[in-house]
Amino acid sequence: MGETSLRRRMREEKSIQGNAPKTTNLQKEVGLISGISIIVGTIIGSGIFISPKSVLSNTAAVGPCLIIWAACGILATLGALCFAELGTMITKSGGEYPYLMEAFGPIPAYLFSWTSLFVIKPSSFAIICLSFSEYVSAPFYSGCKPPTAVVKCLAAAAILFITTVNALSVRLGRYVQNLFTAAKLVIVAIIIISGIVLLAQGSTKNFENSFEDAKLSVGAISLAFYNGLWAYDGWNQLNYITEELRDPFRNLPLAIVIGIPLVTVCYILMNISYFTVMTTTELLQSQAVAVTFGDRVLYPASWVVPLFVAFSTIGAANGSCFTAGRLIYVAGREGHMLKVLSYISVKRLTPAPAIIFHGIVATIYVIPGDINSLVNYFSFAAWLFYGMTILGLIVMRFTRKELERPIKVPIFIPILVTFLSVFLVLAPIISEPAWEYLYCVLFILSGLIVYFLFVYYKFGWAQRLSKPVTMFLQMLMEVVPPEKEPE
C-alpha cells in the first residue's frame with residue numbers, strides 16, 4: 001500500500017532532477033567527461049602525492065622504477081579493456097557482480113558482493129576519509145600528531161558529507177566528482193610543469209646512471225609490479241554504473257581509453273618531477289613527497305600542495321562511494337541483500353538506501369581506526385575476483401556465443417590478465433606468509449552459510465522479520481523498487 005501511494009505521488013509530481021516526469025529507475029546522467037572524472041578521480045587518491053615509494057623501494061633505482069610505472073599502466077589498461085567488453089556485452093551496473101553471475105552463477109557473485117560490501121569497499125572508503133582528516137587537521141597541530149578523536153570525528157564528518165551528497169542527487173555527486181577531479185589535475189599539472197622547467201634548467205643529476213644498484217631479481221620486480229598495480233586500482237569503477245552511462249557502448253570504452261593512459265602519463269611525469277629535486281634516498285625517507293617537493297620548488301606558495309592533496313583525497317572518496325552504492329543496489333535487486341537496499345528514492349531517483357548503508361558500514365570501520373592491515377590482507381581477494389571475472393570473459397566466449405559484443409578484445413589479452421591476477425593473488429602470500437590470509441579466505445567462505453540460510457532457502461521467519469522493517473524504511477525514506485530491470 002505504501003509503495004502504491006509513493007508511486008502515485010511520484011507520477012503526480014515532477015522529479016526534482018528534471019523538468020519531465022521520469023520512471024523510478026536510475027537515470028542515465030553520466031556522460032563521457034563525468035565517466036573520465038570517475039576513473040581518474042578514483043585511481044588518483046593521495047598515494048602519488050604522499051608516498052609514491054612502493055615501487056621505488058623494491059627496485060632501488062630510478063630507471064626500473066619509471067619502467068614499472070609505465071608497464072603497470074599498460075597492464076591496467078589491458079584489464080580495463082576486458083571490462084569494457086564485459087560492460088558493453090552485459091549492460092548492468094555492479095562491476096564484477098553481474099559478470100560473475102552470468103559466467104558462473106549466483107554463488108561466486110554472492111561471495112563477491114559479501115566480501116566487497118562488508119569489508120573491501122567500506123574499509124577502503126574509511127581509510128581514504130581517515131587520510132583526508134589527518135591531512136586537513138595536521139596544520140592545526142604543528143609539531144605534534146593530531147588527536148585520534150579529532151581525526152576520527154573529521155573522517156566520520158567526511159563520510160556523512162559524501163554519503164549525503166550522493167544520496168541526495170546523482171547530478172550533485174557527479175558535479176562534486178568533476179570539481180575535485182579538476183582540482184586534482186591542477187596540482188598534478190603544477191608539479192609536472194615545475195619538473196619540466198627544472199629539467200630544462202639542467203636538474204638531471206638524479207637521472208645519471210639510473211640503473212645503477214638496481215634490484216632486478218624476480219622477487220623484487222614482482223613486488224614492485226604488485227605495488228604499482230595497486231596504485232592503478234580503480235580502473236574498473238565505471239563498470240559499477242553502466243546503467244547510468246549515456247551511450248555506454250561508446251562512452252564506456254572511450255572513457256577507459258582516455259582515462260587510464262592519462263593517469264599513467266601523470267604518474268610517470270610526477271615521479272620524474274620528484275626525482276628532479278630528490279634523490280632516491282630522500283624520496284624514500286620523505287613522509288609526504290609532494291609536500292617536500294612543494295617546499296623546495298613552490299615556496300612561498302607551497303601551501304597549495306596540501307590543500308589540493310586534501311581535495312584529491314575527498315574526490316577519491318566521493319568516487320568510491322558513488323560506485324559502491326551501485327553494487328549494493330544491484331545485489332539487493334538480485335535478492336542477495338535486503339530488498340530495501342535496491343529501492344530508489346521517488347523524489348531524487350538515487351539508490352539512497354544502498355548509499356546510506358555503505359556510509360554506515362564505513363563509519364563503523366572508522367571507530368577502530370587502525371584498519372590498514374585489514375585492507376592489506378584482503379587486497380589479494382580483490383585480485384582473486386578480478387581474475388575470476390576475466391576468466392568468466394574467456395568462458396563466455398564459448399558458453400554465451402549468442403551475446404552481442406560491440407567490443408571484442410583479442411583472446412590473448414584476457415588470458416594474460418588472468419595469469420597476472422593469479423600471480424597477484426599468490427605474490428603477497430608467498431612473499432610474506434601470514435595466518436591472516438587464511439582468516440580472509442574463511443571470511444569469504446562464511447558467506448556461503450549466509451547465502452544458503454537467507455538467500456537460497458529463504459526461511460519464512462526471516463521473511464516475516466524483514467517485511468515490517470522494509471515497510472518502515474520504505475515510508476521513512478520514501479523509496480520504492482525500481483519499475484523495471486535493465487534488459
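By convention here, the first residue in the shown sequence is residue 1. Because the structure is a prediction, the values reported are computed rather than measured.
- Closest heavy-atom contact between A317 and C129: CB-SG, 4.0 Å.
- In this structure, the ring of Y267 has its center less than 6.0 angstrom from the ring center of Y232.
- Taking the side chain as every heavy atom from C-beta outward, M477 and P353 approach each other to under 4.5 Å.
- In this structure, L32 and L254 have side chains that are in contact, with non-hydrogen atoms separated by less than 4.5 Å.
- A distance-only check finds a donor-acceptor pair linking the side chain of N251 to the backbone of R246 [under 3.5 Å].
- Taking the centre of each ring, W235 and F83 come in below the 6.0 Å mark.
- Checked by atom type, the side-chain pair T323/Q237 shows a donor-acceptor distance below 3.5 Å.
- In this view, F161 and V165 satisfy the side chain to side chain contact (heavy atoms under 4.5 Å, CB included) rule, not counting sequence neighbours.
- When all heavy atoms of A84 and I256 are compared, the closest pair comes out as CB-CD1, 3.8 Å.
- For the pair A155 and L130, the tightest heavy-atom approach, listed with the atom from each and the gap, is CB-CD2, 3.7 Å.
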Notebook entry, point to check: Does the pair T163 and H358 meet the rule for a side chain to side chain contact (heavy atoms under 4.5 Å, CB included), with working shown?
Noted result: CA-CA 8 Å; T163 302; H358 181 57; over 6 Å; no

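- Rounded to the nearest 0.5 Å, atoms NZ (K184) and CD1 (I314) are 10.5 Å apart.
- Here CD1 of I38 is found 12.0 Å from CD1 of I43. Values are rounded to the nearest 0.5 Å.
- Atoms CG and CD1, from L185 and I44 in turn, are 6.0 Å apart once rounded to the nearest 0.5 Å.
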Check: Going through the checks in order, is the side chain to side chain contact (heavy atoms under 4.5 Å, CB included) test met by L420 and F225?
Finding: CA-CA 10 Å; L420 178 70; F225 264 104; 5.9 Å; no

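- Nearest heavy-atom pair across I407 and E85 is O-CG, 3.1 Å.
- Put simply, the side chain of S137 gets close to the backbone of S133: a donor and an acceptor are under 3.5 Å apart.
- To the nearest 0.5 Å, atoms CD (E96) and OG (S113) are separated by 11.0 Å.
- Using modelled atom types, one side-chain atom of K53 and one backbone atom of S286 make a donor-acceptor pair closer than 3.5 Å.
- Atom CG of N318 is separated from atom CG of N178 by 9.5 Å, given to the nearest 0.5 angstrom.
- With H336 as reference, Y97 is the one residue of W114, Y97, Y456 to meet the ring pair (Phe, Tyr, Trp, His ring centres under 6.0 Å) rule.
- Figure legend: R326 and F322 shown as a cation-pi pair, the cationic atom lying under 6.0 angstrom from the six-membered ring centre and within 45 degrees of its axis.
- Contact of the V455 side chain with the Y110 side chain is registered, since non-hydrogen atoms from C-beta on lie closer than 4.5 Å.
- The minimum heavy-atom distance linking L111 with L448 is given by the pair CD2-N, 3.9 Å.
- In this structure, the side chains of M396 and T399 come closer than 4.5 Å at one or more pairs of heavy atoms.
- In this structure, the side chains of T264 and I74 stay at 4.5 Å or more apart for every pair of heavy atoms.
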Notebook entry, point to check: Could you walk me through whether T363 and L160 pass the side chain to side chain contact (heavy atoms under 4.5 Å, CB included) check?
Noted result: CA-CA 8 Å; T363 305; L160 177 63; over 6 Å; no

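- With V417 as reference, L78 is the one residue of T389, L391, L78, L81 to meet the side chain to side chain contact (heavy atoms under 4.5 Å, CB included) rule.
- Between K347 and E478, at least one side-chain N (NZ, or NE/NH1/NH2) sits under 4.0 Å from a carboxylate O, which counts as a salt bridge.
- Put simply, the side chain of I344 does not reach to within 4.5 Å of the side chain of P481, judged on heavy atoms.
- A donor-acceptor distance shorter than 3.5 angstrom exists from the side chain of S123 to the backbone of I120, with no hydrogens or angles considered.
- Side chain of S116 to main chain of F112: a donor-acceptor pair is present (N/O by atom type, distance under 3.5 Å, no hydrogens or angles).
- A donor-acceptor contact shorter than 3.5 Å is absent between the side chain of K92 and the backbone of P98.
- Looking at D233 and Y386, their side chains come closer than 4.5 Å, going by heavy atoms from C-beta outward.
- To the nearest 0.5 angstrom, Y451 atom OH is 14.5 Å from I449 atom CD1.
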Next item on the list: Could you check V340 against Y343 for side chain to side chain contact (heavy atoms under 4.5 Å, CB included), going step by step and ending with a plain yes or no?
Entry: CA-CA 5 Å; V340 72; Y343 286 9; 4.0 Å; yes

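- The backbone N or O of A167 sits less than 3.5 Å from a side-chain atom of T350, completing a donor-acceptor pair.
- The main-chain N or O of E243 is found under 3.5 Å from a side-chain atom of S93 such that the two form a donor-acceptor pair.
- Salt bridge status for R174 with E244: absent, with no side-chain N to carboxylate O gap under 4.0 Å.
- Looking at S312, its side chain does come within 3.5 Å of a backbone N or O of G45 through a donor-acceptor pair.
- Within the 4.5 Å cutoff, the side chain of T418 has no heavy atoms near those of the M388 side chain.
- Around the CG atom of L476, the shell of radius 6.0 Å holds more than 12 heavy atoms that belong to other residues, nucleotides or ligands.
- Contact record, A80 with I260: CB-CD1, 3.2 Å, taken as the closest heavy-atom pair.
- In this structure E134 satisfies the salt bridge (charged side-chain N to carboxylate O under 4.0 Å, His left out) test with no other residue, sequence neighbours excluded.
- Aromatic ring centroids of F132 and Y135 lie 6.0 Å or more apart.
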